[in-house]
Structure formats: C-alpha cells, structure tokens
**Student:** 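Sharing a structure, written as structure tokens. Questions coming.
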Amino acid sequence: MGDKAIHTKFWDAFKKVSETDQEFPPDVLLKFYALYKQATQENTFSYQEGEHELVSAFKMNALLQVKSLSADQAKKAYIKLAKKYLKN
C-alpha cells in the first residue's frame with residue numbers, strides 16, 4: 001500500500017471511529033488514541049489541565065506502547081484496529 005493510500009485509508013478509518021455511536025472498551029479507546037497520536041504527531045504527549053492524573057498515566061502508558069512505530073506503521077495499525085472493532 002502506497003503512502004497516499006495509507007493516508008487516505010487512515011483518515012477514512014479515523015472518521016468512522018469518530019462518528020460511530022458504538023461504544024468501545026476503555027483499553028481499545030486508549031489504543032485508538034495512542035495510534036492516532038503516533039500517526040499524526042509522532043512521540044508527543046500533552047497534559048490537559050484538569051485531567052485526572054490516572055487518565056494521564058493511562059494515556060502515557062498507551063503512548064509508550066506504540067512509540068517504536070513509524071507514522072505509517074501507526075496508521076496501518078489504526079486501520080486494522082478500526083476494521084476489527086467497527087460493526088459494518
């Protein structure tokens with residue numbers, strides 16, 4: 001799959017995940033979060049004021065699990081995760 005195809009499929013998957021009414025388990029949401037961050041802003045973590053420390057810790061852990069992925073690898077993993085969990 002070429003760079004442009006990966007990019008397009010990633011954004012299609014992101015849109016579907018973002019717009020679904022389907023509820024995902026917390027661990028899957030964290031995986032989507034981490035893969036999205038890695039795919040779009042490699043190796044970044046932002047603390048939002050007022051965010052509970054436990055939530056920040058879970059986000060940081062999820063990011064650490066995907067930090068070795070390149071942006072394209074993260075996009076492919078996001079696409080695969082979306083296909084696995086989205087009801088068509």
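Only a predicted model underlies this, so the values are computations on that prediction, with no experimental measurement involved.
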**Student:** According to ring pair (Phe, Tyr, Trp, His ring centres under 6.0 Å), does anything in residues 53-73 pair up with another residue at least two apart or in another chain? List the pairs.
**Tutor:**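 Listed once each, the pairs would be none.
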**Student:** Which heavy atom of Ala13 sits nearest a heavy atom of Ala82, and at what distance?
**Tutor:**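 Reported closest heavy-atom pair: CB-CB, 3.9 Å.
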**Student:** What residues form a side-chain contact (heavy atoms from CB on, under 4.5 Å) with Gln65, not counting sequence neighbours?
**Tutor:**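 side-chain contact (heavy atoms from CB on, under 4.5 Å) check on Gln65 returns Asn61.
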**Student:** Which heavy atom of Ala71 sits nearest to which heavy atom of Ala39, and what is that distance?
**Tutor:**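 Reported closest heavy-atom pair: CB-O, 3.6 Å.
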**Student:** For side chain to side chain contact (heavy atoms under 4.5 Å, CB included), just list the numbers for His7 and Asp3, CA-CA rounded to whole Å, side-chain angles, deciding distance to a tenth of an Å, and then say yes or no.
**Tutor:** CA-CA 6 Å; His7 184 76; Asp3 289 347; over 6 Å; no
**Student:** I need the Lys76 NZ to Lys80 NZ distance, nearest 0.5 Å.
**Tutor:**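 Nearest 0.5 Å value for the NZ-NZ distance: 11.5 Å.
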**Student:** Is Leu69 close to Leu35 at the side-chain level, that is, under 4.5 Å between some pair of heavy atoms?
**Tutor:**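 They are in side-chain contact.
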**Student:** Taking the side chain as every heavy atom from C-beta outward, state whether Gln38 and Leu63 have any pair of such atoms under 4.5 Å apart.
**Tutor:**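 No. Closest side-chain heavy atoms not under 4.5 Å.
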**Student:** Is the shortest side-chain heavy-atom distance between Trp11 and Thr40 below 4.5 Å?
**Tutor:**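 Yes, side chains in contact.
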**Student:** Which donor-acceptor pairs under 3.5 Å do side chains of residues 18-25 form with protein atoms, sequence neighbours excluded?
**Tutor:**
unit_1, atom_1, unit_2, atom_2, d
Ser18, OG, Phe14, O, 2.8
Thr20, OG1, Gln22, N, 3.0
Gln22, OE1, Lys87, N, 3.1
Gln22, NE2, Tyr85, O, 2.5

**Student:** Distance check, rounded to the nearest 0.5 Å: Lys9 atom NZ versus Ile6 atom CD1?
**Tutor:**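 Rounded to the nearest 0.5 Å, the NZ-CD1 separation comes out at 9.5 Å.
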**Student:** Within the structure provided, determine whether Lys31 and Asp27 are in side-chain contact (heavy-atom separation under 4.5 Å).
**Tutor:**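 SC-SC contact between Lys31 and Asp27 ruled out.
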**Student:** Starting at NZ of Lys75, measure out to OG1 of Thr8 and round the result to the nearest 0.5 Å.
**Tutor:**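 Going from the NZ atom of Lys75 to the OG1 atom of Thr8 covers 9.0 Å.
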